[in-house]
Amino acid sequence: MTFVTRLAAIALLSAAATPLLAQSVTAGKLVIDQAWSRQTAPTQKVGGGFLSITNKGKTADRLVSATSPVATEVQLHTMSMDGGVMRMRQMKDGIAIPAGKTVELKPGGLHVMFIGLKRPLAVGDSVPVKLRFARQGEVQVRFKVQPVGATGPAEARHGQH
Amino acid sequence: MVSTDRAPTPTIVIVRRLLWAAVALAALVGSIIFFAPKDEPEATRAYADTFGGPFTLTAPDGSAVSNRTLAGKPYAIFFGFTRCPEVCPTTLARMASLRQQLGPDGMKFDIVFVSVDPEHDKPADIGSYISLFKTPIYGLTGSPAQLAQIRKGYGVYVKKVPIEGGDYTIDHTAAIFLMDARGKFVTTIDYHENDRTALEKLKRIVAEASAAPEAGQKP
Ligand SMILES: [Cu+2]
């Protein structure tokens with residue numbers, strides 16, 4: 001994206017969704033974008049979080065764990081559909097971030113999972129999450145909470161209403 | 001100025017003949033499609049007759065909801081659990097969006113969510129969960145035996161899988177089953193299916209129910 005189109009896009013989005021727009025975080029050679037999560041019901045004790053991680057370096061890295069004050073535990077998960085059956089599994093060895101590649105955690109696949117939510121995630125919240133990478137170490141990011149119907153980071157404008 | 005009584009040029013005559021041929025062909029194809037049997041193959045129909053079956057579950061307000069409560073209106077039924085972080089909210093939000101896209105027809109079918117996690121999903125939990133989706137949804141749970149019965153009827157697979165920290169997740173069938181006003185199986189909408197075909201299927205169950213209102217009578 002050129003600077004001008006980026007500006008235009010920002011102007012367009014900020015008209016309706018300023019507090020929901022995910023910000024980009026750079027740490028060394030890693031760029032983390034589009035961290036977002038979905039609103040949860042008061043009785044829901046888990047939630048999924050999504051983000052995109054780009055490794056601009058020449059060495060592979062690995063997302064090994066995450067923590068957040070909003071949940072007793074944050075795990076790295078993957079989800080798959082096999083013959084119409086949804087399966088979710090923990091990524092016990094973490095998630096590889098190959099050199100020069102972007103890894104997307106998004107609905108239908110890899111995600112971070114907030115377990116034991118201490119309070120519901122509300123639309124507009126900005127949830128602090130500390131990611132730990134094998135090489136880069138700790139990186140602090142904020143997950144923007146979107147309406148439950150969102151399928152991406154900046155969909156607030158197309159939401160339910 | 002173009003005069004209307006001028007004799008058509010040979011090219012125009014050929015084009016006209018081709019157009020008429022095309023119209024005739026379209027009519028022929030149309031009538032074949034129209035008169036061709038629209039029914040499902042025999043095997044699918046036999047399957048539809050045994051699929052689903054009777055059930056009794058509990059709504060968020062504590063009232064009982066059974067297959068008889070739902071009779072008279074087609075419905076889209078989906079199995080999941082409130083602690084499911086991804087496929088369940090995605091599917092319910094999608095059902096709400098498809099309903100909205102159907103306009104007035106959107107309320108001519110019911111949306112039913114059945115828990116596969118009786119251990120955590122009490123009626124009030126389901127109530128709080130479905131309220132997120134801002135459209136009327138039957139959110140149902142029940143005893144392990146009641147839920148086992150409906151899962152068997154709908155051929156729903158579930159498997160509890162422990163995750164670190166003493167918690168668990170549940171592998172489960174994620175298709176949306178579309179049922180007609182008599183509670184007979186019609187078709188499914190899959191997780192990866194696009195909105196266009198999903199909307200066609202919903203229109204179909206709504207149209208069939210409107211075309212045969214007697215089918216919709218409660219027994
Ligand atoms: Cu998960």
Side-chain angles (χ1 to χ4, degrees), chain A residues 36-50 65 67 71-92 105-117 120-123 143 145-152 155 158-161, chain B residues 60 78-100 116 120-135 139 155-159 161-177 188-193:
Chain A
W36 68 284
S37 185
R38 279 197 184 109
Q39 84 184 114
T40 59
T43 53
Q44 241 178 312
K45 292 290 173 255
V46 301
F50 312 97
S65 63
T67 54
T72 53
E73 194 174 347
V74 183
Q75 295 183 355
L76 305 174
H77 281 189
T78 188
M79 188 207 108
S80 66
M81 293 292 269
D82 291 320
V85 174
M86 184 285 293
R87 293 176 206 278
M88 186 165 72
R89 293 291 178 270
Q90 195 174 352
M91 302 289 284
K92 290 205 170 117
L105 281 70
K106 59 181 179 186
L110 295 165
H111 55 272
V112 304
M113 180 111 159
F114 301 105
I115 295 172
L117 282 174
L121 304 180
V123 176
F143 285 60
V145 181
Q146 308 279 0
V148 72
T151 54
E155 265 190 23
H158 314 294
Q160 309 277 302
H161 308 290
Chain B
F78 174 75
F79 294 75
F81 58 118
T82 66
R83 292 148 38 96
C84 156
E86 213 285 295
V87 66
C88 308
T90 302
T91 301
L92 288 174
R94 181 154 187 239
M95 291 309 301
S97 150
L98 291 170
R99 169 178 270 176
Q100 201 178 24
V116 295
H120 284 107
D121 292 345
K122 302 305 171 202
D125 302 320
I126 307 265
S128 150
Y129 182 67
I130 58 173
S131 71
L132 287 179
F133 301 95
K134 305 204 166 42
T135 193
V156 169
Y157 169 90
V158 294
K159 188 179 175 223
V161 180
I163 54 177
E164 247 170 43
D167 209 343
Y168 61 86
T169 178
I170 301 173
D171 293 352
H172 65 95
T173 302
I176 300 162
F177 300 100
T188 58
I189 297 176
D190 291 325
Y191 181 70
H192 292 294
E193 192 164 330

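Remark: the E164(B) side chain and the Q75(A) side chain contain no N/O donor-acceptor pair separated by less than 3.5 Å.
Looking at R87(A), M88(A), H77(A), M79(A) one by one, the single match for side-chain contact (heavy atoms from CB on, under 4.5 Å) with T169(B) turns out to be M88(A).
Atom-to-atom distance recorded for R83(B):CZ and I115(A):CD1 is 8.5 Å, nearest 0.5 angstrom.
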Could you give me the CA-CA distance, side-chain angles and deciding distance for R89(A) and V161(B), then say whether side-chain contact (heavy atoms from CB on, under 4.5 Å) is met? CA-CA 8 Å; R89(A) 293 291 178 270; V161(B) 180; 3.7 Å; yes

What's the verdict on side-chain contact (heavy atoms from CB on, under 4.5 Å) for V46(A) and E86(B), showing C-alpha distance, side-chain angles and the deciding distance? CA-CA 10 Å; V46(A) 301; E86(B) 213 285 295; over 6 Å; no

Run the side-chain contact (heavy atoms from CB on, under 4.5 Å) check on T90(B) and R38(A) step by step: do they pass? CA-CA 10 Å; T90(B) 302; R38(A) 279 197 184 109; 3.1 Å; yes

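Between chain B and the options G84(A), G83(A), G48(A), heavy-atom pairs under 4.5 Å are most frequent for G84(A). Contact count against chain B (heavy-atom pairs under 4.5 Å) is highest for Q44(A) among K45(A), H111(A), Q44(A).
With a 4.5 Å cut-off on non-hydrogen atoms, E73(A) touches chain B through its side chain but not through its backbone. At a 4.5 Å heavy-atom cutoff, the contact between F50(A) and chain B is made by side-chain atoms alone. Contacts between D190(B) and chain A at a heavy-atom distance below 4.5 Å are absent for every atom of the residue. Of the two parts of S97(B), neither the backbone nor the side chain holds a non-hydrogen atom closer than 4.5 Å to a non-hydrogen atom of chain A. The part of M113(A) that comes within reach of chain B is its side chain, from C-beta onward, which places non-hydrogen atoms under 4.5 angstrom from that chain. Of the two parts of H192(B), only the side chain, counted from C-beta on, holds a non-hydrogen atom closer than 4.5 Å to a non-hydrogen atom of chain A. In this structure, chain A has heavy atoms under 4.5 Å from both the backbone and the side chain of Y129(B). For I126(B), no part sits under 4.5 Å from any heavy atom of chain A, backbone or side chain. With a threshold of 4.5 angstrom between heavy atoms, T40(A) approaches chain B through N, CA, C or O but not through any side-chain atom.
Here the shortest heavy-atom pairing between L132(B) and A41(A) reads CD1-N, 3.5 Å.
Environment of NZ in K106(A): sparse, with no more than 12 heavy atoms of neighbouring residues, nucleotides or ligands closer than 6.0 Å.
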